[in-house]
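Below you will find the structure I want to go over with you.
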Amino acid sequence: MSSRARLADIAAKAGVSEATVSRVLNGRPGVAEDTKQAVLTALDVLGFERPTRLRRRSAGLIGLVMPELINPIFPAFAQVIESALSQRGFTPVLCTQSPSGATEEEYVEMLLERGVSGIIFVSGLHADTGADHARYQSLVDRNLPVVFVNGWLPGVEAPFISSDEYAAMELAVSHLVALGHRRIGFASGPERFIVVQRKLAGYRTAMKAQLGLTDAEVDPLVELSMFGVEGGAAAAQRLLDVGVSAVVCGSDMMALGVIRAARQRGLSVPDDISVVGYDDAPMMEFTDPPMTTVRQPVNAMALAAVQSLLEEVRGHATPHTEFLFRPELVVRNTTGAHRQP
């Protein structure tokens, strides 16, 4: 492409004249800051390289610590957080754990050695009530800006960004009750995780309030297993044995396991059993059948996490509290009206 054609493309994208683009690229004075930024953004969007002196200087490294990338909800969070940090001149450092890889504690040590400006933890050990949380207090004590996504640590002075798990289960149960279901099972991960405790509390409350059930009647409908497809399938075997007509799941991955287990028994989804996931992870609208699920507001939560962290990095006080984001029921094709057997 000729330099003239390139100038014309940039000018059209930025909504300015070619002469203005030329002034920005050559560092000539007389261009308003907003106009200059519009030209540089057009340059980035069109994939042209900025002149060396106009490249963003890194404002610092930000650690992003999350459990794994197998569940697509975590890459979804990572993508929004990394993009938002990069746009603001920071360099994200993604640290994901694997069974044979570094632990969260080892990653934190590595990040501290590299002089990070702050750390965002997504669904880390802060969400595990059985873990040692002293490490997080030590980070706060050394004045390192930290933000936690999905989890809550009383006493730790930091911003917490969470999806309202309690409300999510109320939405899911309400949807199934409206379809005529009464024996609604609950399948999720281990109860030591605060996100599971909250989902379970929301599920129990909704089942008692909407169906008039007692705790003793709800107990057999709860199966806590491992997170993931295999955990969902294992929980489904036991729930199907007690005759549920629908299952609310702690994650979309678990919901896929429930569907697999139901099909292995010759059952049809949603004709014989309805399934509701949680997260609305990428690709859930393309499963077979497309997944009814409760959507975590990933974009809003991720941007809030970045905003809160960068306020702390810049030395501005942010509220050290938990910000709860309202999830949304997304009705697709894994739920249907209850049919009497």
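Here the structure is a predicted model, which is why all the values come from computation and not from measurement. Just so you know, residue 1 is the first one in the sequence shown, and it goes up from there.
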Practice task
Using modelled atom types only, decide if a donor and an acceptor are shared between the side chain of Thr334 and the backbone of Val276 within a distance under 3.5 Å.
Solution key: no
Practice task
Spell out, as yes or no, whether a donor-acceptor pair under 3.5 Å connects the side chain of His126 to the backbone of Ala131.
Solution key: no
Exercise for the section: Hey, can you tell me if His181 and His338 have their rings parallel, tilted or perpendicular (30° and 60° cut-offs)? Expected result: tilted
Exercise for the section: Please confirm whether the backbone N or O of Glu18 pairs with a side-chain atom of Ser22, one donor and one acceptor, at under 3.5 Å? Expected result: no
Practice task
Mark yes or no for whether Asn26, through its side chain, and Arg28, through its backbone, hold a donor-acceptor pair below 3.5 Å.
Solution key: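 Not a single qualifying donor-acceptor pair exists.
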Exercise for the section: Quick one: name the residues clustered hydrophobically with Met283, using the 4.5 Å side-chain heavy-atom rule over I, L, V, M, F, W, Y, and just say none if it's on its own. Expected result: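 Besides Met283, the cluster holds Phe286.
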Practice task
Could you tell me whether a side-chain N or O of Thr292 sits under 3.5 Å from a main-chain N or O of Arg332, the two making a donor and an acceptor?
Solution key: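 Yes; judged by distance alone, with no hydrogens or angles, the pair exists.
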Handout entry: Hydrophobic cluster identity match, Val306 and Leu324, side-chain contacts under 4.5 Å
Key = no
Practice task
May I ask you to decide if Val196's main-chain N or O and Ser188's side chain share a donor-acceptor pair within less than 3.5 Å?
Solution key: no
Taking only distance into account, with no hydrogens and no angle test, what donor-acceptor pairs under 3.5 Å do side-chain atoms of residues 253-267 form with protein atoms, sequence neighbours excluded?
unit_1: Arg263; atom_1: NH1; unit_2: Asp288; atom_2: O; d: 3.2
unit_1: Arg263; atom_1: NH2; unit_2: Asp288; atom_2: O; d: 2.7
unit_1: Arg265; atom_1: NE; unit_2: Gln237; atom_2: OE1; d: 3.1
unit_1: Arg265; atom_1: NH1; unit_2: Asp241; atom_2: OD1; d: 3.0
unit_1: Arg265; atom_1: NH2; unit_2: Gln237; atom_2: O; d: 3.0
unit_1: Arg265; atom_1: NH2; unit_2: Gln237; atom_2: OE1; d: 3.0
unit_1: Arg265; atom_1: NH2; unit_2: Asp241; atom_2: OD1; d: 2.8

Exercise for the section: Go through the structure and list residues passing side chain to side chain donor-acceptor pair (under 3.5 Å) with Tyr136, not counting sequence neighbours. Expected result: Glu104
Exercise for the section: Just jot down the side chain to side chain donor-acceptor pair (under 3.5 Å) partners of Ser308, sequence neighbours excluded, or say none. Expected result: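 Side chain to side chain donor-acceptor pair (under 3.5 Å) list for Ser308, sorted by chain: empty.
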Indicate every side-chain donor-acceptor pair of residues 60-81 with a distance under 3.5 Å to a residue at least two apart or in another chain.
unit_1: Glu68; atom_1: OE1; unit_2: Ile70; atom_2: N; d: 2.5
unit_1: Glu68; atom_1: OE1; unit_2: Asn71; atom_2: N; d: 2.9
unit_1: Asn71; atom_1: OD1; unit_2: Ile73; atom_2: N; d: 3.1

Practice task
Identify, with sequence neighbours excluded, every residue that meets side chain to side chain donor-acceptor pair (under 3.5 Å) alongside Gln37.
Solution key: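 Testing Gln37 for side chain to side chain donor-acceptor pair (under 3.5 Å), a comparison that skips the adjacent residues, returns Glu33.
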